[in-house]
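One structure below.
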Amino acid sequence: MVHEARNQSTVTKFILVGFSELPQLQAPIFLLFLTIYTVTVVGNVGIIIVRRINPKLHTPMYFFLSHLSFLDICYSSMITPKLLEILVVEDRSISFNGCMTQFFFGCACVITEMFRLAVMAYDRFVAVCNPLLYTVAMSYKLCALLVAGTYMWGGLCSLIITYSLVRLSYCGSNIMNHFVCEYSAILSLSCYDSTFSQMACFIISIFNEVCSLLIILASYVFIIATVSRMPSKGGLHKAFSTCASHLTAISIFHGVILLLYCVPHDKSSWLLVKVETALYSVMIPMLNPLIYSLRNKDVKETVRKLVSTEYFNMFTFMKY
C-alpha cells in the first residue's frame, strides 16, 4: 500500500522559499553566507594542510580534527551553495531526487559529527587520564576504525531516515518553507500517513543523542576526577587547555541541535527554525576550525610560517 501511495505522487520537484519573507535583505544575506562559506572552506582546508605539514600535529587528536574539518567542508558544501543560489535566482526549485540526496548527506554529516565529537571526548579522556599510554592506547589502527565507524553509522542512520521519507507520497503543495531540505520541512509536504517515518526519525535521533552525550559525559567525569587529584596548578592548566576547545565545540553543536529539535515551535515560527538551522548547518562548520586553532600554539605557529613562506616566495617572484 505504501508502494502504491508513492507511485501516485505527482511532485517531481520542490520550491524552496528560502528567506523570501525578507526581500529587502536578500543581498546582505547572500554576502553574509558567501563570506561564511569562504571562511569555512579556507579554515577547514587550512586545518587539514597544517596538520599534514607540522609533524607535531601528527597525533590522534589532530587526526580526528582533520576528519572533522573534512566533514564540515562536505556538510557546508551540501547546504550553502544551494542557499546562495536561491538568494539570487528566481527559479528556486530543487528536484525530488536532489532534495532527498541533499537530506541524506546532510543528515549523515550531522550524525557522523555527533559521534566524531564523542570519539574526540574519549581521546581527551585517554590523553588526560592515561598520558603515558596515550600513543599506545590511541593507535593509528584504532583511530582509523573509530573514524570509519562514525562515517558508517552516520550513513546507515541517514539511509534509514531518508528511505522512510522517499516512501511517502507528496501529492499536494510542493512549496517548502525552508532554504534546505530539512526533515520537518519535507514531512510537512507529505499527504500520506508519516507515522513510520516520524517513529524512525525519533528513535534514531534519541538513541544517537543519548549515546553520544553519555560517551562525552562519562569521558569528562573521569577527566574531572583525574584533574581534581592533580597537585600542581600547571597540570590543571594543561588539562583545561587540552579540553577547553573540545568542550566549546560540543556545547555549541549540541546546544543548537537541542534548541532546534527539543524546543517546541509553532507553525508561525518558520523564520526562527530557518535561523536555527543556519546556525548548525552554516555557522558551526565555520566556527570549528576557529575554536581549535585560536587556542593552539602549534597550529598558529605553522600558519604563521606558512603565510611568511608564501609571502616571501611571492615577493621573490615579483622582484625577479
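If you're wondering where the values come from, they're calculated on a predicted model, not measured in any experiment.
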Spell out, as yes or no, whether a donor-acceptor pair under 3.5 Å connects the side chain of Arg92 to the backbone of Val17.
yes

Is a side-chain N or O of Thr162 found less than 3.5 angstrom from the main chain of Ser158, in a donor-acceptor match?
yes

Pairing donors with acceptors under 3.5 angstrom, does anything connect the side chains of Tyr37 and Ser77?
yes

Nearest 0.5 angstrom please: Ile48 CD1 to Ile53 CD1, how far?
12.0 Å

Heavy-atom check, side chain of His67 versus side chain of Thr150, under 4.5 Å:
no

Does Phe105 CZ have over 12 foreign heavy atoms under 6.0 Å away?
no

Are Ile86 and Leu32 connected, step by step, through hydrophobic side chains (Ile, Leu, Val, Met, Phe, Trp, Tyr) whose heavy atoms are closer than 4.5 Å?
yes

Report yes or no: does Ser194 contribute a side-chain atom to a donor-acceptor pair with the main-chain N or O of Ser197 at less than 3.5 Å?
no

Check for me whether Arg124 meets the cation-pi criterion with Phe222, that is, NZ or CZ under 6.0 Å from the six-membered ring centre and within 45 degrees of the ring axis.
no

Ring-ring centroid check Tyr170 Phe14, cutoff 6.0 Å
yes

Same apolar cluster (I L V M F W Y, side chains within < 4.5 Å links), Ile291/Leu71
yes

For the pair Phe103 and Tyr183, name the ring-plane relationship: parallel under 30°, tilted 30 to 60°, perpendicular over 60°.
tilted

Could you check if a side-chain atom of Met61 sits within less than 4.5 angstrom of a side-chain atom of Met138, using non-hydrogen atoms only?
no

Compare all side-chain heavy atoms of Tyr220 with those of Leu247 and state whether any distance is below 4.5 angstrom.
yes

Drop me the distance from His58's NE2 to Tyr62's OH, to the nearest 0.5 angstrom.
12.0 Å

Separation between CZ (Phe115) and CG (Leu117), nearest 0.5 Å, reads 11.0 Å

Main chain of Ile204, side chain of Asn208: is a donor-acceptor contact present, judged purely on distance under 3.5 Å?
yes

If Ile, Leu, Val, Met, Phe, Trp and Tyr residues are connected whenever their side-chain heavy atoms lie under 4.5 Å apart, and connections chain through other members, are Met286 and Ile49 in the same group?
yes

Could you verify whether a donor N or O on one side chain and an acceptor N or O on the other, from Asp91 and Ser93, lie under 3.5 Å apart?
yes

Where Ile161 and Cys107 come nearest, the two heavy atoms and their spacing:
CD1-SG, 4.1 Å

Give a yes or no on this: more than 12 heavy atoms of other residues, nucleotides or ligands lie within 6.0 Å of atom CD of Glu90.
no

Between Ala137 and Val126, the two heavy atoms sitting closest are CB-CG1, 3.9 Å

Can a salt bridge be assigned to the pair Lys82 and Glu85 using a cut-off of 4.0 Å between side-chain N and carboxylate O?
yes

Of Ile47, Leu65, Val50, which meets side chain to side chain contact (heavy atoms under 4.5 Å, CB included) against Pro289?
Ile47

Please check if the side chain of His178 supplies one atom and the backbone of Lys274 the other of a donor-acceptor pair under 3.5 Å.
no

So Cys181 and Cys99, disulfide (SG to SG under 2.5 Å) or not? Walk me through it.
CA-CA 6 Å; Cys181 291; Cys99 185; 2.1 Å; yes

Find the distance between OH (Tyr151) and OG1 (Thr112) and round it off to the nearest 0.5 Å.
7.5 Å

Check whether any side-chain heavy atom of Leu146 sits under 4.5 Å from a side-chain heavy atom of Phe64, and report yes or no.
yes

Measuring from Cys109:SG to Arg116:CZ, what's the distance to the nearest 0.5 Å?
9.5 Å

Which of Leu87, Leu83, Thr35 passes side chain to side chain contact (heavy atoms under 4.5 Å, CB included) with Phe30? Answer is Leu87

With a 4.5 Å cut-off on side-chain heavy atoms, are Met120 and Phe125 touching?
no

Which atom names give the shortest non-hydrogen contact between Leu16 and Phe179, and what distance separates them?
CD1-O, 3.9 Å

Could you walk me through whether Ile94 and Lys13 pass side chain to side chain contact (heavy atoms under 4.5 Å, CB included), step by step?
CA-CA 6 Å; Ile94 182 171; Lys13 66 179 181 179; over 6 Å; no

So, Ser66 side chain and Phe63 main chain: donor-acceptor pair closer than 3.5 Å or not?
yes

Hey, does the side chain of Ser188 reach the backbone of Ala185 with a donor-acceptor pair shorter than 3.5 angstrom?
yes

N/O donor-acceptor pair under 3.5 Å between Asn174 side chain and Ile15 backbone:
no

Evaluate the criterion side chain to side chain contact (heavy atoms under 4.5 Å, CB included) for residue pair Val282 and Phe33; output intermediate values, then yes/no.
CA-CA 8 Å; Val282 181; Phe33 285 125; 3.6 Å; yes

For Asn97 versus Thr101, what's the shortest heavy-atom pair and its separation?
O-OG1, 2.7 Å

Test item: Val119 and Val147 side chains (from C-beta on) under 4.5 Å apart, heavy atoms
no

Minimum heavy-atom distance Ile215-Ala118, with the two atoms named
CG2-O, 3.6 Å

Kindly indicate whether the side chain of Met78, heavy atoms from C-beta on, has any atom under 4.5 Å from the side chain of Val180.
no

Start with the C-alpha gap between Ile73 and Thr40, add the side-chain angles, then the distance that decides, and say whether side chain to side chain contact (heavy atoms under 4.5 Å, CB included) holds.
CA-CA 7 Å; Ile73 293 170; Thr40 298; 5.6 Å; no

If hydrophobic clusters are built by linking Ile, Leu, Val, Met, Phe, Trp and Tyr wherever their side-chain heavy atoms come under 4.5 Å apart, do Met152 and Leu68 end up in the same one?
no

Is a side-chain donor or acceptor of Gln26 paired with a backbone partner of Phe19 at a separation under 3.5 angstrom?
yes

With no hydrogens and no angle check, is any side-chain donor or acceptor of Ser212 less than 3.5 Å from a backbone partner on Glu209?
yes

Is there a path of hydrophobic side-chain contacts, each under 4.5 Å between heavy atoms, that joins Phe207 and Leu217?
no

Quick check on the 6.0 Å ring-centre criterion: do Tyr280 and Phe253 meet it?
no

Measure across Pro60 and Asp123 and return the closest heavy-atom pair with its distance rounded to 0.1 Å.
CB-OD1, 3.5 Å

Heavy-atom side-chain contact between Thr248 and Leu287 under 4.5 Å:
no

When rounded to the nearest 0.5 angstrom, what distance separates OH in Tyr140 from CG in Leu145?
10.0 Å

